[in-house]
Amino acid sequence: MPETSGPDGPGADHPVLAEARALLGAVLHGHGVSVRLSEVEAYAGPDDPASHAFTRTPRSAIMYGPAMRLYVYRSYGIHLCANVVTGPEGEGRAVLLRAGEVVRGHELAAGRRRTDDPVRLARGPGNLASALGLGLEDLGADLQGPPEPWLEPGEPLPDASVLAGPRVGVSRAEERPWRFWVAGDPTVSAYRRSPRAPS
DNA sequence: ATTAAGATTTACT
DNA sequence: GTAAATCTTAATG
């Protein structure tokens with residue numbers, strides 16, 4: 001096991017990858033709704049041009065804070081995305097929660113999402129945050145334990161059940177397979193088009 | 001102060 | 001499958 005930089009260049013062996021993989025299978029308890037994470041994306045700091053932490057800003061300041069904290073940001077102004085800050089303070093590492101399966105509060109989540117499809121309940125970052133009832137009020141919330149939204153680590157998944165692939169919506173460094181999802185989970189969607197494709 | 005870009009979702013065809 | 005809507009944040013003059 002190679003600690004060498006791999007054939008793909010810098011960041012191929014980044015510690016955030018292991019943390020993102022560890023988040024798969026964990027259960028995120030939100031406002032009356034619990035979701036088992038099935039798809040996540042790893043984002044590093046200065047080493048990742050696609051990360052919000054690439055440049056130090058008030059918005060990404062939370063990413064440089066202590067771990068196990070919730071980072072919520074707005075995407076395209078209308079939707080919210082939930083992230084979990086990982087790593088030691090100052091590293092600026094975070095993991096984006098892209099999708100998951102609702103294991104509790106199914107009815108409540110269905111009411112919020114206005115859909116009865118359990119597969120679509122938490123498919124997509126914005127939907128995941130919406131289904132959990134997360135908002136900017138939960139920004140920086142401690143995920144270490146109740147009563148507020150908290151993250152319960154699950155059992156480590158077999159390596160064979162975890163697949164990796166290129167990230168979505170990232171205009172740069174898409175060659176890095178920093179996106180992890182659970183194999184065979186219907187809540188995980190396939191590759192999507194890139195945002196705002198040039199004419 | 002203004003311009004540009006973006007970690008998306010939903011609806012319609 | 002394709003197209004459009006929506007808001008914030010970041011950078012620049």
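Please read these numbers as outputs of a predicted model, since none were measured by experiment.
Side-chain atoms of A/Ser130 do not come within 3.5 Å of backbone N or O of A/Arg112 as any donor-acceptor pair.
Here C/dA10 is the nucleotide among B/dT9, C/dA10, B/dA7 with the atom lying nearest to any side-chain atom of A/Pro58. Residue A/His79 places its side chain closer to B/dT9 than to any other of C/dT9, B/dA7, B/dT9. If you check B/dT9, C/dA10, B/dA7 against the side chain of A/Thr57, the one that comes closest is C/dA10.
At least one side-chain heavy atom of A/Leu37 sits under 4.5 Å from a side-chain heavy atom of A/Leu151. Counting only heavy atoms from C-beta outward, the side chains of A/Arg98 and A/Phe180 never approach each other to under 4.5 Å.
Hydrophobic clustering (side-chain heavy atoms under 4.5 Å, transitive across Ile, Leu, Val, Met, Phe, Trp, Tyr) groups A/Leu28 together with A/Met68.
Atom pair A/Glu41:CD and B/dA7:C1' shows a separation of 7 Å (rounding to whole Å applied). Atom CZ in A/Arg120 sits about 17 Å away from atom P in B/dT8, given to the nearest Å. As rounded to whole Å, 12 Å separates atom P of C/dA10 from atom CE of A/Met63. Rounded to whole Å, atom P of B/dG6 lies 12 Å from atom OH of A/Tyr43. Distance, A/Leu80 CG to B/dA7 P: 15 Å, rounded to whole Å. Rounding to whole angstrom units, CZ of residue A/Phe54 and P of B/dA7 are separated by 13 Å. Separating the CZ atom of A/Arg114 from the P atom of B/dA11 is a distance of 10 Å, rounded to the nearest angstrom. At whole-Å resolution of the value, CZ in A/Arg123 and C1' in B/dA7 are 17 Å apart.
Partner assigned to C/dT8 is B/dA5, using Watson-Crick or G-U wobble distances below 3.5 angstrom.
You cannot call A/Tyr76 stacked on the base of C/dA5; the centres under 5.5 Å and planes under 30° rule is not satisfied. Stacking here means ring centres nearer than 5.5 Å and ring planes tilted less than 30 degrees, and by that measure A/Tyr73 does not stack onto B/dA7.
The minimum heavy-atom distance between A/Asp138 and A/Gly133, with the atom names listed, is OD2-O, 4.0 Å.
Between A/Arg74 and B/dA7 there is no side-chain N or O to OP1 or OP2 distance below 4.0 Å. Within the structure, every side-chain polar atom (N or O) of A/Ser75 is placed at least 4.0 Å from both OP1 and OP2 of B/dG6.
In this structure, A/Asn127 reaches the sugar-phosphate backbone alone: every heavy-atom distance under 4.0 Å involves primed, P, OP1 or OP2 atoms, never a base.
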